[in-house]
Student: 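Sharing a structure with you now.
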Amino acid sequence: MARRYWLLKSEPSTFSFDDLRASPRRTTRWEGVRNYQARNLLREMKRGDEALFYHSNADPPAAVGTVTLVREAYPDADQFDPSSPYHDAKSDPADPRWVMVDVRYGKAFARPVTLPELRARKSLAGMVLLRKGSRLSVQPVSAAEWRTILKLGGL
DNA sequence: GCCAACGTTGGC
DNA sequence: GCCAACGTTGGC
């Protein structure tokens, strides 16, 4: 299977691309996904896949760089922690409902690629991110979209 | 702060 | 199984 491309959303006020760069081994657990469609996509991610790091709820919202998948889906421990905001009392430890992956900092864009710039590109019109009402925090990105966006970002 | 779009919950 | 109510997301 060929390498695939993805987009991961994060609110920079919660966890920014710079926060990832400053993390141990520049790696983090992508925890807290509590949406089934996004979870299913996490399960499809393979070692070596790459993803855009997208700042949502930012001014302006923008893709700011890339990350690499370094660990494939495994159970998200927070779902069993009653003190965690990500706790899910209905998840069965014998059959965990939620997973996380590990991603490592890749490359920072020379300049952020903002949401308006993405919208302005005809060739990106099909992006999941740009669909009306799209809220998925984990999204697939086509190889063509990937190349276009990296170019826009100066990579 | 507003609000449209979406997902989930729970009564029936 | 339906669907109204509610909570969340995220752009603006």
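Note on naming: letters A, B, ... go to the chains in the order of the sequence lines (proteins, then strands), and numbering restarts at 1 for each one. Remember, predicted model here, so these are calculated numbers, not experimental data.
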Student: Round to the nearest Å and state the distance from A:Glu117 atom CD to C:dG11 atom C1'.
Tutor: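 In whole Å, C:dG11 C1' and A:Glu117 CD are 16 Å from each other.
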
Student: A:Arg119 CZ to C:dG11 P: how many Å, rounded?
Tutor: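 So the two atoms are 8 Å apart, to the nearest Å.
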
Student: Specify the closest pair of heavy atoms between A:Ala108 and A:Leu155, including all atoms of both residues, with the distance to one decimal.
Tutor: O-CD2, 3.5 Å

Student: Does A:Arg71 make a cation-pi contact with A:Tyr74, if we ask for NZ or CZ under 6.0 Å from the ring centre and within 45° of the axis?
Tutor: yes

Student: Roughly how many Å is it from CG in A:Asp59 to C1' in C:dC12, rounded to a whole number?
Tutor: 10 Å

Student: Under 4.0 Å between a side-chain N/O of A:Tyr36 and OP1 or OP2 of B:dC6, yes or no?
Tutor: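 Indeed not, no polar side-chain atom of A:Tyr36 lies that close.
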
Student: Ignoring backbone atoms, test whether A:Lys132 places a side-chain nitrogen or oxygen under 4.0 Å from the OP1 or OP2 oxygen of B:dA5.
Tutor: yes

Student: From C-beta outward on A:Pro61, which listed nucleotide comes closest to its side chain: B:dT9, C:dG11, C:dT9?
Tutor: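 Nearest to the side-chain atoms of A:Pro61, counting from C-beta on, is C:dG11.
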
Student: Can you measure A:Gln139 atom CD to B:dC6 atom C1' for me and round it to whole angstrom units?
Tutor: 14 Å

Student: Just how far, in rounded Å, is C1' of C:dG10 from CG of A:Leu7?
Tutor: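 Roughly 13 Å, once rounded to whole Å.
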
Student: Between C:dG11 atom P and A:Arg131 atom CZ, what is the distance in whole Å?
Tutor: 16 Å

Student: From NE2 of A:His55 over to P of C:dG10, roughly how many Å is that when rounded to an integer?
Tutor: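 Taking atom P of C:dG10 as the reference, NE2 of A:His55 is at 13 Å.
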
Student: What about A:Tyr105 and A:Phe53, are their ring centers closer than 6.0 Å?
Tutor: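 So the answer is no for these two rings.
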
Student: What is the distance, rounded to the nearest whole Å, between atom CG of A:Asn57 and atom P of B:dA4?
Tutor: 17 Å

Student: Do A:Ile149 and A:Met127 have side-chain heavy atoms sitting under 4.5 Å apart?
Tutor: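 They are in side-chain contact.
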
Student: State which of C:dG10, B:dG10, C:dC12 makes the closest approach to the side chain of A:Ser56.
Tutor: C:dG10

